[in-house]
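The next block holds one structure in the form of structure tokens; read it before the comments.
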Amino acid sequence: MDSIILKIISFFLVSGYIYLSWGHSIKIIRCAYLSSKRKKLHLTFTWLIPYLWVLITKDFVFIEEPQTMTKKKRDELLDEESGHFYESRKGFPGARR
């Protein structure tokens, strides 16, 4: 059920974006005071910025499930990053734990 709702919402969002971007693109093409170079630049960014926005924000939306920290993993992390305090990962280089 959730998958169907998600697909419906995604469909409407994508089709709304395409409709609005297409209308915006037509307005840019018909604009008399923009040069040809600026029109191409505006059109490129009109279609490119949302994709860049998705690439940047997808890491915030899709969070990996937390995994249990075992003593072995913790010791491996501390060995890799020796010289740091455990809680804050800050410290002096060369300091011992």
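Because the structure is predicted, anything quoted here is derived from the model rather than measured. Positions are given from 1, in the same order as the sequence printed here.
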* Give me the other members of the hydrophobic cluster that W53 sits in, counting Ile, Leu, Val, Met, Phe, Trp and Tyr linked by side-chain heavy atoms under 4.5 Å, directly or via other members. => V54
* Roughly how far, to the nearest 0.5 Å, is CG of L48 from CG of L41? -> 10.5 Å
* To do: Applying side-chain contact (heavy atoms from CB on, under 4.5 Å), name anything that partners K7, two or more places apart in sequence or on another chain.
  => S3
Show me the donor-acceptor pairs, under 3.5 Å and distance only, between side chains in residues 27-38 and residues at least two apart or in other chains.
| unit_1 | atom_1 | unit_2 | atom_2 | d |
| --- | --- | --- | --- | --- |
| S35 | OG | R38 | N | 3.3 |

* Members sharing I26's hydrophobic cluster (side chains within less than 4.5 Å) -> V14, Y17, I18, W22, W47, Y51
* Which residues satisfy the side-chain contact (heavy atoms from CB on, under 4.5 Å) test with I9, sequence neighbours excluded? -> I5, L13
